[in-house]
Number of protein chains: 2
Amino acid sequence: MNIGEIARRAGVSRSTVSYALSGKRTVSEVTRRRILQVIDEVGYRPNASARALAEGRTRTIGLVIPPAGRRLTPVQLGFVASIVAAAGRHELDVLLSPSGGDHDRSFERLISGRRVDGVILTEVRLRDARAARLRRSGVPFVSIGHTAGAEAGCWVDLDYEGLIARCVHHLADLGHRAVALVNRPQEFLDSGYGPASRALSGFTAAAAERSIEATAVCCPDEATAGETCVEDLLSIRPEITAIVTVNEVALPGMERALRRLGRAVPERFSVTGVVGRHWAEEFHPPLTAADVPVTEMADRAVALLVERIATPAAPDRHVLLTPPISLRASTAPAR
Amino acid sequence: MNIGEIARRAGVSRSTVSYALSGKRTVSEVTRRRILQVIDEVGYRPNASARALAEGRTRTIGLVIPPAGRRLTPVQLGFVASIVAAAGRHELDVLLSPSGGDHDRSFERLISGRRVDGVILTEVRLRDARAARLRRSGVPFVSIGHTAGAEAGCWVDLDYEGLIARCVHHLADLGHRAVALVNRPQEFLDSGYGPASRALSGFTAAAAERSIEATAVCCPDEATAGETCVEDLLSIRPEITAIVTVNEVALPGMERALRRLGRAVPERFSVTGVVGRHWAEEFHPPLTAADVPVTEMADRAVALLVERIATPAAPDRHVLLTPPISLRASTAPAR
DNA sequence: TTGTATGCGTTATCAA
DNA sequence: TTGATAACGCATACAA
C-alpha cells in the first residue's frame, strides 16, 4: 500500500494525498475527508525510507551506549529508557548502538550511512574518540557527560566535582575528620571517565580545604566488591568515620560490610554521595545523597539535540546540573 | 557524498560501483581496486534510506520493550543488551520501541511505516495485543515469552512451569513439607504475564503431587518489598522452611528478612528458584537456582527472526529452554 | 484548489 | 566486463 494507491482510490493525485497528510498546502475539506477515510480504511502509513530519502531526514536519532560486554549500571539503563521516552514525545525513533572502541561497525553505519538525524552519546570519556568522530562527520550530537577539551560540543552533565565537594563539606560540618571516597572502577578512572575523575578531584580539593584526612579508593561496579572494599578500607584505616560514594551498585555490599563491622549508620558511621534515587532509597537507612536526575538529563539532552538538528550552526550549548543533596538518614555528627 | 560522485571520481558508472560493493556481479580487479580506493579516500557509505527503498528492506529490526514508566528488571535489560549485540553480528541495527498499550505511536510507526524488517517482542502476556497486531500486519516477529493461543507465532521462552516444578521436587526430596512461592507482582499475574502465571501453575501442581503445603504470594519488583513479603509470610506461616522464587529483584530483601528472623540459609531455611545468574551469585549464600540464560535466549530469538525474515512463509518455530538447576549453597535438608 | 513532473540515492534489469 | 535506465515511494517546485 503506497501513496499512489491511496490517490487512485480517493480519485485524486498523489501530491494531494501528500499535502492532505502534511498540511503544507490547503486541501478542500471534502477531498481531505475522502482521503483520510481511504487511508483509515486501508491502514496506510507513509513508507519511512521513501520519506527519509525525499525529505533528507530520517526522524530517527542514534543512542550510543557502551558495548554489550560491559554491564550497564541501573542509572545508565535509566538513561536509555528516559531518552527513548523523551524522543518519542518528539516523534523520533531511537536506534540503539552499542559502541565503545573507535572502529565500531554499528557506530559507523549510524553516522556515515545517514541512518540518523542526530546522536546522543552516553558514557563519554574526558578524551573521547567517538565524540571526535562525530564532530568530524558533522552529524549533530549531544553527549551526556562532557569531554575535557574546549571542542566539546553540546552536552548535559551533572556537576560531580561540585556535588562531591558539597558532600565532603557536609561531612566536615558534622565533625568528620577522616573520610573515604568509594569511586567507580579503577579502569574507569584510568580511561578518563568523567564522573570518576571529577568525583576524585572534587573530593581531594574539598578534603584539603577542610583539612580532612582523605582516602580515595576505586571499587568495581558490583555489590560484592563494595563489601570487600569497605572491609579492606576500614581494616587499614579504622579511623575513617564516613564514606562518600558515586558507586551505587556497590552500595548494598557497603551496607552489609558496615553492619558486619558494627558501624551502625548513621550513629557510628555516615554515608553520602551521588547516586540514583532508587539506590539511595533502598539503602538502610535511606541515603542522604544527591540523586542523579536521570529523567531531567535525558529530557534536556533530547531537547538540545532537537534544537541542534534544527539549527546545526548554532553555538554549542551546555547544561550542567547541580541537584540538591536530599537529606535522608545516613549522615550524623561524628562521635 | 553519493554513489554517483564515487562513480565520477573512479571513472565508472554508478552500477559498477554498486556491484563492486555488493559483489553481486563480477568486477575486474583493477576497477574494483580503484573504486575501493576512492571510497576509502572520501569515506563513502551507502545512504541507508535509499538502499532500503531500493532493496525493500531496512536491515533494521525493532525491539519492543515495556513502556518507560514501568521499571525494567535487570534481566530485561540484559535482554536489550544481548539482543542488540546479537543483531549487530547479523549486521542489523535495532530500533527501540517502548510500547505497552495497543494504540502506541512508536509501535505503529515501527510496523506500518516499514521501518523495520522484523520485530522482537519482549514481556509478552498470555493474551497479547501487540502480538495480535503484529500477526495481522504481517511483519515477521519473534517473541521472548509466549502467548496462550495456538496462533502464537515464533517464540523462545524458558520453561518456567517445568523449572519451578523441578525446584519444588528438589525441596521435597530434601524433606521440606511447607514451601512458599514468591512470585512477580500481583498485577503481572492478573494481566496474564507468562512467567508469573506459569510459575504459579508449576508450583501448585508439583506441590500437590508431593503433598506439600503450598503458599503462593506475589511480591512487587523491589528489594524492600521482598523484605516485608518474607516477614509477613513467615509470621503467618512459621512452619514454612523453604522458598521458591522467580522474583530476582526481591532477593536481596528476602535475604535481609531471613537473616533478621534468624532463619540461617541453608541450615534452617532453603531458597531456590529461577533468576538471573548475577542475582543468584550475589545472594548469600549463592543461590541454588536455574539461571535465566539471557544471552542464549537473545541469540536464539535473533536467529529465529533472521530466518523468519528470509522465509516468512515457513512454519512457526518455538524454542523452549530448560536450563539446568545450578547447585550452589542455598538449599539443604529440612530439619 | 488541484495535477504534473522532478529529484532523493540505491539496486537491479536490460543491453552492449 | 561494463553502462544506461527503470524502479523504489515520497515530497515539493512548478503549472494550471
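First the proteins, then the strands, lettered A, B, ... as listed; each starts at 1. The basis for the numbers below is simple: all heavy atoms, side chains too, and nothing from hydrogens, waters or symmetry mates.
Taking A:Ser15 as the reference, A:Ser13, A:Tyr19, A:Arg25 meet the side-chain contact (heavy atoms from CB on, under 4.5 Å) condition, with sequence neighbours excluded. Checked against side-chain contact (heavy atoms from CB on, under 4.5 Å), B:Ala50 has the following partners two or more places apart in sequence or in another chain: A:Leu53, B:Asn47. By the side-chain contact (heavy atoms from CB on, under 4.5 Å) test, B:Ser18 pairs with B:Ile3, sequence neighbours left out. Among residues two or more places apart in sequence or in another chain, the side-chain contact (heavy atoms from CB on, under 4.5 Å) test is passed with B:Ala301 by B:Ile120, B:Val142, B:Ile144, B:Val156.
Heavy-atom minimum distance, B:Ala10 versus B:Ile35: CB-CG1, 4.0 Å.
Here C:dG7 presents its P atom at 22 Å from CZ of A:Arg57, a figure rounded to the nearest Å. Atom CZ in A:Arg8 sits roughly 15 Å away from atom P in C:dG3 (whole-Å rounding).
At its two ends the helix from C:dT1-D:dA16 to C:dA16-D:dT1 runs along axes set 40° apart, each axis drawn from five pairs and the angle rounded to 10°.
Interatomic distance, B:Ser28 OG to B:Arg33 CZ, rounded to the nearest 0.5 Å: 11.0 Å. Taken from CG in A:Leu92 to CG in A:Asp117, the straight-line distance is 7.0 Å, to the nearest 0.5 Å.
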Original post:
Quick one: what's the B/S/- string for nucleotides 9-16 of chain D, heavy-atom cutoff under 4.0 Å, read 5' to 3'?
Top reply: BBBBBB--
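Between A:Asp316 and A:Arg135, at least one side-chain nitrogen of the basic residue sits less than 4.0 Å from a carboxylate oxygen of the acidic one, meeting the salt-bridge criterion.
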